[in-house]
Amino acid sequence: MDIQLQKVSYAYAKGTPFEKRALFDVELAIPSGSYQAIIGHTGSGKSTILQHLNALLKPTEGALQIGDRTITAGKKAKDLKPVRQKVGIVFQFPEHQLFEETVLKDIIFGPMNFGVSEQEATKRAHKLIELVGLPHTILEKSPFDLSGGQMRRVAIAGVLAMEPEVIVLDEPTAGLDPRGRKEIMDLFLQLHKERNLTTILVTHSMEDAARYADRIAIMHEGKCVLTGSPEEIFGNAEKLATYRLEAPRIVRFQRELEAKIGRRLQTLCLTEEELARAITAAVREERAGQ
Amino acid sequence: MMEKMIFGRFMPGDSFVHKLDPRSKLLFVFAFIFIVFFANNPVTYAGLLVFALLVIFVSRIKLYFLINGLKPVIILMVFTFLLHIFFTKEGNPIFEWKFIHVYEEGLRQGIFISIRFLVLVFMTSILTLTTSPISITDGLEVLLNPFKKLKLPVHELALMMSISLRFIPTLMDETDKIMKAQMARGSDISTGPIKERVKAVVPLLVPLFVSAFKRAEDLATAMEVRGYRGGEGRTRYRQLKWDGKDTLAMILLVAMTALLITLRS
Amino acid sequence: MDEILSLDHITFTYSPDEPNVKNAVEDVSFTVHEGEWIAIVGHNGSGKSTIARLMNGLLFPQQGTIKVMNEPLTEENLWEIRSQMGMVFQNPDNQFVGATVQDDVAFALENNGIPYKEMVKRVHEALQQVKMDQLLNHEPQHLSGGQKQRVAIAGALALKPRLLILDEATSMLDPQGRAEVLATVQALREETGLTVLSITHDLEEAILADRMLFMNGGEKFAEGTPSEIFALGDQLLDLGLDLPFAMKLTKLLKQDGVELQGEHMTEEELVNDLWTSNFKK
Ligand SMILES: Nc1ncnc2c1ncn2[C@@H]1O[C@H](COP(=O)(O)OP(=O)(O)OP(=O)(O)O)[C@@H](O)[C@H]1O
Ligand SMILES: Nc1ncnc2c1ncn2[C@@H]1O[C@H](COP(=O)(O)OP(=O)(O)OP(=O)(O)O)[C@@H](O)[C@H]1O
Ligand SMILES: [Mg+2]
Ligand SMILES: [Mg+2]
């Protein structure tokens with residue numbers, strides 16, 4: 001499902017002395033099946049955009065196209081349920097949304113709101129609990145007896161159970177230990193690849209954006225100022241700095257090394273494996289050249 | 001909708017009214033609530049209204065914002081006005097149409113009550129708009145200090161109030177976030193039959209309660225770690241300062257009371 | 001060096017009546033010396049926060065003794081000891097007590113009955129130390145997460161503590177906020193020699209510490225300098241941690257047959273080694 005923002009502007013508390021404009025003419029196209037990262041300094045409007053993606057907020061100017069639905073500023077939008085089903089959002093600290101007596105009931109809450117039968121929803125819950133790496137026995141427990149990391153996974157399963165076509169992630173790994181972080185990010189990558197799930201990741205981690213996304217958009221002071229592939233975005237450190245962002249650790253390392261050895265590696269590397277390969281190649285050349 | 005309400009909100013500024021000590025403002029508004037009842041004829045009511053408008057002018061809060069932000073309260077006022085008009089059947093009839101009869105006394109009463117209402121709402125709004133909640137709390141704590149002798153836990157009440165005030169924006173944000181998270185999962189509070197809507201409140205209330213509880217726990221820990229153990233032996237960082245402006249405000253209050261008493265019939 | 005704090009065979013459980021619940025902290029001992037920077041790492045639920053709470057007398061151990069400045073921690077000297085220890089928690093919103101920046105910093109001073117004039121001086125000093133003295137009257141909802149955490153640090157500093165405990169104080173922050181807070185802590189250490197104990201999931205931050213404490217399932221799994229801890233290699237991965245970037249890359253490069261002199265924890269070391277071992281003519 002394609003998503004397209006056309007000159008979207010948004011102001012909180014519009015028409016009051018407390019009015020606060022958060023988005024200015026944002027243009028952004030997210031094609032079906034892509035892995036899009038949205039990065040930007042804090043307060044740049046990332047979470048505001050994210051809430052437009054399933055019409056939790058409606059643009060105060062401009063329009064947005066979500067699949068075959070168009071949401072235009074000023075027009076009343078009726079029956080948004082289909083949109084909400086198709087675009088699932090995993091909010092920051094999603095464990096805060098758990099409320100049911102058992103994990104199972106919480107996971108089936110979403111799908112049942114969208115008219116899925118209890119039987120079918122339960123079937124999904126069983127499959128998903130395994131997918132997120134938890135034992136089946138946990139389904140009967142109260143979500144409030146789980147550890148923070150487990151609650152996070154349950155909440156994620158609850159969103160996936162709606163079987164959305166697009167999944168939107170707002171800082172999904174905040175507060176987790178390094179392994180938990182990697183497992184969750186790998187889970188979303190796997191879903192993205194296997195089910196061709198369109199994935200939109202809002203993150204402060206340049207490392208994650210570099211490693212997982214195939215397209216990146218930079219938000220700066222409420223505007224979408226730059227879009228491109230990770231190589232394009234992270235290749236230009238000066239430009240990043242003007243948006244108060246820093247290149248990922250790996251890119252900074254590559255640049256330092258290049259400065260030291262006085263020449264460039266073949267490509268800009270975005271994963272440790274790629275970088276190791278590129279350095280090895282450079283070392284071989286160097287030896288051969290001597 | 002809630003965003004537009006300005007009743008009980010604070011708008012920072014540096015006008016004469018903003019700079020007054022919270023104690024003088026509180027005393028003024030408390031006294032005003034009683035003084036209003038001295039008014040009983042057109043002159044005194046007009047006087048009150050003019051005075052309230054003057055205060056608004058001095059506080060540099062735009063009348064337009066005030067009226068816009070107080071809409072729900074003003075609707076209530078219009079309603080009381082109509083009630084008086086239709087149900088007071090004294091004096092000469094001045095308007096008759098089908099079953100509606102409006103009498104002179106009704107109109108008079110309606111206008112007076114509305115002015116009284118409006119003036120009170122204006123004055124209390126000005127108090128909260130020009131005084132930060134924490135200053136109001138400080139002012140109250142000091143003004144209520146004599147009641148400590150009667151075993152009223154003044155310090156604890158004031159602390160409770162200031163912490164609640166401090167957390168209102170945080171909890172509003174939280175409510176908004178949880179509501180959106182549940183809406184994204186297909187829960188819907190704003191449409192559908194009442195029974196369904198009531199049911200949809202549970203997914204909102206449970207997480208909100210859990211989170212408020214967690215916050216309270218965190219906050220209690222943070223306070224304990226920083227050595228908080230009740231009001232005993234505490235010093236105060238926020239010092240209130242009473243100066244000429246405040247005395248002036250008090251003189252104004254007395255003068256106005258005297259004026260109202262002489263002009264009332 | 002003076003001993004600031006020591007834990008001696010500490011065991012703690014949140015549910016003493018249920019014998020089959022695992023202890024949150026199991027037989028942990030270690031010592032903190034004046035001027036040190038110690039990082040505590042470990043997976044979620046490994047008992048890090050519980051240890052921090054024990055140190056501060058928010059919890060009392062079922063077994064073992066905790067000594068602060070060589071004095072055993074008891075109910076009696078609790079408040080005295082607390083005034084020597086500052087503590088900053090994870091959630092910036094849930095520890096901001098005051099209505100404005102300066103009120104929040106003054107909170108601990110008020111509690112300890114510091115006279116007004118002295119308070120004003122200390123509030124300003126503490127805020128200068130964290131570079132927040134321009135925002136005295138800001139309300140918490142108008143501050144970024146990093147700024148709020150710096151205010152929390154100032155609030156702790158105002159009492160001139162001997163030890164500052166940070167429990168994941170940077171984990172809810174964006175990279176810039178994190179960098180701000182870290183820089184603040186580092187500057188403080190340089191200027192005042194403050195002892196810091198920081199609980200963190202950020203390994204790049206842990207590398208900078210003098211010593212690391214590695215927790216696993218409530219037990220102390222290892223203790224040592226960062227290079228000693230990260231030398232554990234793949235064991236770290238099994239226990240919920242990861243390797244710092246430079247070490248991961250070193251490992252990959254060695255697998256590919258690139259010559260290197262040693263294991264490197266920081267990028268700078270690795271760049272230099274790559275240069276001297278492979279490119280320098
Ligand atoms: N409910 C709200 N009312 C008023 N202003 C808001 C509200 N939510 C956000 N804003 C403002 O809108 C702007 C954009 O906020 P947004 O939350 O989208 O930023 P963000 O990029 O997600 O930041 P972060 O990285 O800190 O999450 C900010 O200036 C913020 O202060
Ligand atoms: N208030 C509590 N009541 C009961 N059990 C608790 C409580 N707090 C923590 N625990 C349990 O004690 C153990 C240790 O928790 P602790 O919070 O110390 O871990 P942590 O290392 O700080 O984890 P994290 O990295 O997630 O912050 C966990 O198993 C946890 O579930
Ligand atoms: Mg955000
Ligand atoms: Mg913890």
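The chains referred to below are lettered A, B, ... by the order of the sequence lines, with proteins before strands, and numbering in each begins at 1.
- Other residues, nucleotides and ligands contribute only 12 or fewer heavy atoms inside 6.0 Å of the CZ atom of B:F209.
- Atom NZ of B:K199 has 12 or fewer heavy atoms from other residues, nucleotides or ligands within 6.0 Å.
- Contacts with chain B were tallied for C:D103, C:L78, C:V120, C:N56; C:D103 has the most, counting heavy-atom pairs under 4.5 Å.
- Residues of residues 158-169 of chain C lying within less than 4.5 angstrom of chain B, judged on heavy atoms, are absent.
- With a 4.5 angstrom heavy-atom cutoff, C:F89 touches chain B only via side-chain atoms.
- In this structure the side chain of C:Q149 never reaches within 4.5 angstrom of the side chain of C:T184, judged on heavy atoms.
- Using modelled atom types and a 3.5 Å distance limit, the side chains of C:K67 and C:S6 yield no donor-acceptor pair.
- Ranked by heavy-atom pairs under 4.5 Å with chain B, the list C:Q141, C:E139, C:Q95, C:Q102 is led by C:Q102.
- Heavy atoms from other residues, nucleotides or ligands lying under 6.0 Å from CZ of B:F57 number 12 at most.
- Side-chain atoms of B:D21 and B:D243, non-hydrogen and from C-beta on, never get closer than 4.5 Å to each other.
- Ranking C:V88, C:V123, C:N91 against chain B, the residue ahead of the rest is C:V123, based on heavy-atom pairs under 4.5 Å.
- Contacts with chain C were tallied for B:R229, B:E217, B:R215; B:R229 has the most, counting heavy-atom pairs under 4.5 Å.
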Problem set entry | Steps toward salt bridge (charged side-chain N to carboxylate O under 4.0 Å, His left out) verdict (C:D104, B:R226) | CA-CA 10 Å; C:D104 191 61; B:R226 293 207 249 162; 3.2 Å; yes
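- Sparse packing is recorded around CZ of B:F30, with 12 or fewer heavy atoms of other residues, nucleotides or ligands lying under 6.0 Å away.
- Side chain of C:T192 to backbone of C:L188: a donor-acceptor contact under 3.5 angstrom is found.
- One side chain, B:Q182 or B:R185, offers a donor N or O that lies under 3.5 Å from an acceptor on the other.
- Heavy atoms closer than 4.5 Å to chain C are found nowhere in B:S162, neither backbone nor side chain.
- Put simply, of B:Q239, B:R234, B:K214, B:R236, the one with the most heavy-atom pairs under 4.5 Å next to chain C is B:R234.
- Contact tally against chain C (heavy-atom pairs below 4.5 Å) for B:G227, B:A220, B:G233: the top residue is B:G227.
- Note on C:P115, C:P140, C:G155: by heavy-atom pairs under 4.5 Å with chain B, the leading option is C:P140.
- Residues C:F12 and C:E26 are not in side-chain contact: their nearest non-hydrogen atoms beyond the backbone lie 4.5 Å or more apart.
- Under a 3.5 Å cut-off, the side chain of C:R189 and the backbone N or O of C:T195 do not form any donor-acceptor pair.
- Close approach to chain C, defined as a heavy atom under 4.5 Å from one of its heavy atoms, is seen in no residue of residues 144-157 of chain B.
- A distance-only check finds a donor-acceptor pair linking the side chain of C:N112 to the backbone of C:A108 [under 3.5 Å].
- Side chain to side chain, C:S46 and C:H43 fail the donor-acceptor criterion of an N or O pair below 3.5 Å.
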